[in-house]
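Read through the structure below, which is laid out as structure tokens, and then see the notes.
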Amino acid sequence: MDIAAVNALPYEDFVDILGNVVEKCPIITAAVWSGRPFLSLAALEAAISEFIDALPESGKEGILRCHPDLAGRDLQSGSLTRESHEEQAGSGMGALNSGEASLMARLNQEYKERFGFPFVICARMHDKENILRQLFARCQNERAVERARGIEEVKKICHLRLQSLVLTDNRL
Ligand SMILES: NC(=O)N[C@H]1NC(=O)NC1=O
């Protein structure tokens, strides 16, 4: 399970295995495949990051819009991706009390109305109190600041997803 094994994957397997390192954006994984061979996992991560940075602002917002709300309807209906489900469950999003749940729903809605994309945060790095605090604070920012902030969080999520795939996926 090393970068040589990742480099040896045909693109179909590469996209099957790594296609959700950026939530619901397998096009990013498919695009960076042509940059093989990667010298390290960090080099693969850097290629993903560079691809994202080269997108126009509308593309970056598109990436954010592919993310499900935290504690939102996809969590309630059980339709989150496996990765997102683990992240949201781990940070307590499935165990909000009714006050926290309604505050989260109200602030998520306020955030989306203000910016036109959802609030994104690397859930694995925070607990529910911290997420609510950040959501409240970030609602006050400017749109460009939030776009950049959300993309930073996407990269943190991607980093942790890549790490756990390479550590645990025995297909690699
Ligand atoms: N909206 C949002 O932040 N979603 C996510 N964050 C995370 O760590 N996993 C997600 O699905």
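Predicted model, so just to flag it, every value in this text is computed and none were measured. Counting starts at 1 for both ligands and their atoms, following the listed order.
- Rounded to the nearest 0.5 Å, atoms NZ (Lys155) and CD1 (Ile52) are 6.0 Å apart.
- Looking at Glu153 and Lys156, a side-chain N of the basic residue comes within less than 4.0 Å of a carboxylate O on the acidic one, giving a salt bridge.
- The side-chain contact (heavy atoms from CB on, under 4.5 Å) search around Asp69 returns Asn108, Lys112, Pro118, not counting sequence neighbours.
- Put simply, CE on Met104 and OH on Tyr111 are 13.0 Å apart, with the number rounded to the nearest 0.5 Å.
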Would you mind listing each N/O atom of ligand 1 next to any protein N/O under 3.5 Å, plus the distance?
unit_1   : atom_1 : unit_2 : atom_2 : d
ligand 1 : 1 (N)  : Pro68  : O      : 2.8
ligand 1 : 1 (N)  : Phe119 : O      : 2.9
ligand 1 : 3 (O)  : Ile121 : N      : 2.9
ligand 1 : 3 (O)  : Ile121 : O      : 3.2
ligand 1 : 4 (N)  : Pro68  : O      : 3.3
ligand 1 : 6 (N)  : Ile121 : O      : 2.8
ligand 1 : 8 (O)  : Glu87  : OE1    : 3.4
ligand 1 : 8 (O)  : Ile121 : O      : 3.3
ligand 1 : 8 (O)  : Ala123 : N      : 2.9
ligand 1 : 9 (N)  : Glu87  : OE1    : 2.6
ligand 1 : 11 (O) : Ser84  : OG     : 2.5

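- When atom types are taken as modelled, the side chain of Arg143 and the backbone of Phe115 share a donor-acceptor pair closer than 3.5 angstrom.
- Side chain of Arg114 to main chain of Asn141: a donor-acceptor pair is present (N/O by atom type, distance under 3.5 Å, no hydrogens or angles).
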